[in-house]
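Just so it is clear, the structure is predicted and the values come from calculations on it, not from any experiment.
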Amino acid sequence: MRINNTVKITSLAAAGLLALTACGATATSTTSGGSEPSSSSSSAASAAPSSSASASAGSDGAAASSGSYKAAAWALPITDKGDKLGSMKGDSFSVDIYQVATDVASKDSMFLDKETKENLLKKGAPIVYVNYVVTNTSSADIPLSHSLVTPSAKYADWKYLGGMPSDSSSDGFKKYGLSSSGMKLKEKDPFVLKPGESFNIAENFGYTPGKEAEISATMTPAAADGKLDHDKKEQAKTTVTLK
């Protein structure tokens, strides 16, 4: 696996961490080994920005399509607005990482610390929107399922097993011209990503400026029968520092 030399590779969350679990209709608890959340895992809630949302440098309101990338026919328009935090590469794909905007959570998350009962992403807590532009760097078509290539971020000292909580409201994504799905409505798989083509997909999570986040991405192509071809699975990892 080739990793961009401008960023460093770091390991994912350490073993021995206990699972973060979510409830169905009400918030459920999660454990962190019987201790209260560390200052780092709860710092996103204490680093509250001003009440008004802010976009990263070069980002103002809804994001527009960028001429830097060629979007796949099934993909939504691509934006490269914001601060480019870094890149990572697999054998046949690359991911460019952009910090697009900061805002505040519109509601409490579904995740609680089991011991303290503290919500891990409270309403009004600062969040950051990160956009990932995935590009086929190979010379062959890559057929993808609905899972596409879904990068995700985790702070290096995040002590809970599983991903970090996010604001699930679609309003924030629309506000900044982002998408958490990456594809146009009513498109059917396989989603063929041709050589040189790209798509973008975004997420949000608790924001702590200047903090390192580990980014990982897995690409599992679709086989001819539509099932995932795990023998051709590729992964990429890197670490970036939030602005």
Side-chain angles (χ1 to χ4, degrees), residues 4 55-56 58-59 61-101 103 127-138 140-154 163-205 213-223 226-229 232-238 240:
N4 187 292
S56 296
S59 173
S65 298
S66 168
S68 303
Y69 301 96
K70 179 182 178 182
W74 46 265
L76 291 169
I78 296 172
T79 177
D80 60 0
K81 287 189 175 183
D83 293 310
K84 186 174 182 180
L85 301 180
S87 301
M88 56 185 173
K89 293 183 179 181
D91 290 336
S92 59
F93 73 98
S94 67
V95 182
D96 291 335
I97 305 159
Y98 295 91
Q99 179 176 325
V100 178
D103 212 316
I127 58 174
V128 60
Y129 285 87
V130 177
N131 192 41
Y132 306 100
V133 183
V134 181
T135 301
N136 179 355
T137 57
S138 74
D141 290 354
I142 302 177
L144 298 170
S145 70
H146 276 89
S147 62
L148 299 177
V149 180
T150 309
S152 62
K154 184 185 295 185
M164 297 192 295
S166 64
D167 185 348
S168 60
S169 171
S170 62
D171 293 343
F173 290 94
K174 293 178 181 178
K175 180 178 181 179
Y176 298 110
L178 303 173
S179 169
S180 59
S181 69
M183 66 187 73
K184 299 174 183 176
L185 294 176
K186 299 182 179 180
E187 292 290 331
K188 297 181 179 180
D189 60 350
F191 302 99
V192 178
L193 192 63
K194 298 179 179 180
E197 289 186 342
S198 305
F199 70 91
N200 57 185
I201 190 166
E203 69 168 339
N204 68 65
F205 50 88
E214 298 170 347
I215 313 291
S216 62
T218 300
M219 183 193 74
T220 307
K227 296 181 180 179
L228 296 179
D229 190 348
K232 295 183 179 179
K233 181 172 68 175
E234 298 179 29
Q235 292 182 310
K237 302 175 185 178
T238 193
V240 299

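- Under the side chain to side chain contact (heavy atoms under 4.5 Å, CB included) criterion, Ala72 pairs with Trp74, Ala75, Leu193, Glu197, not counting sequence neighbours.
- Taking the six-membered ring where tryptophan is involved, the planes of Tyr98 and Tyr69 are perpendicular, since the angle between them exceeds 60° and thus also 30°.
- Annotation for Glu203 and Ala153: closest pair OE2-N, 2.8 Å, computed over non-hydrogen atoms.
- The ring pair (Phe, Tyr, Trp, His ring centres under 6.0 Å) test applied to Tyr132 returns no partner, not counting sequence neighbours.
- In this structure the side chain of Ile78 reaches within 4.5 angstrom of the side chain of Val133, judged on heavy atoms.
- With rounding to the nearest 0.5 angstrom, the CG atom of Asp171 is 10.5 Å from the CG atom of Asp103.
- Atom CE in Met219 sits 11.0 Å away from atom CD in Gln235 (nearest 0.5 Å).
- Checking side-chain atoms of Thr137 against main-chain N and O of Ser92 turns up a donor-acceptor pair under 3.5 Å.
- Looking only at distances, no side-chain donor or acceptor of Glu234 sits under 3.5 Å from a matching main-chain atom of Gly90.
- Interatomic distance, Leu85 CG to Gln99 CD, rounded to the nearest 0.5 Å: 5.5 Å.
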Query raised in the report: Which is it for Val130 and Asn204 under the side chain to side chain contact (heavy atoms under 4.5 Å, CB included) test, yes or no, and what are the steps along the way?
Result: CA-CA 6 Å; Val130 177; Asn204 68 65; over 6 Å; no
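- Nearest heavy atom pair, residue Ser87 against residue Asp96, reads OG-OD1, 2.7 Å.
- The side chain to side chain contact (heavy atoms under 4.5 Å, CB included) search around Thr220 returns Thr218, Leu228, His230, Lys233, not counting sequence neighbours.
- Note that NZ of Lys154 and CD1 of Ile215 are 11.0 Å apart. Values are rounded to the nearest 0.5 Å.
- Counting all heavy atoms, side chain and backbone alike, Asn136 lies closest to Pro195 at ND2-N, 3.4 Å.
- Residues passing the side chain to side chain contact (heavy atoms under 4.5 Å, CB included) test with Ser180, sequence neighbours excluded: Phe173.
- Taking all atoms of both residues into account, the shortest heavy-atom contact from Ala236 to Phe93 is CB-CZ, 4.0 Å.
- Side chains of Ser145 and Lys227 form no contact here, defined as non-hydrogen atoms less than 4.5 Å apart.
- Of all heavy-atom pairs between Leu144 and Ala222, the closest is C-CB, 4.1 Å.
- Taken from CD1 in Ile201 to CG in Leu178, the straight-line distance is 11.0 Å, to the nearest 0.5 Å.
- Under the 3.5 Å distance criterion, with hydrogens and angles disregarded, a donor-acceptor pair is assigned to the side chains of Thr135 and Ser198.
- Applying the side chain to side chain contact (heavy atoms under 4.5 Å, CB included) criterion to Ser170, with sequence neighbours excluded, gives Lys174.
- For the pair Asp167 and Ile127, the tightest heavy-atom approach, listed with the atom from each and the gap, is CB-CD1, 4.0 Å.
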Show me the donor-acceptor pairs, under 3.5 Å and distance only, between side chains in residues 181-192 and residues at least two apart or in other chains.
unit_1: Ser181; atom_1: OG; unit_2: Ser179; atom_2: OG; d: 3.2
unit_1: Lys184; atom_1: NZ; unit_2: Ala73; atom_2: O; d: 3.0

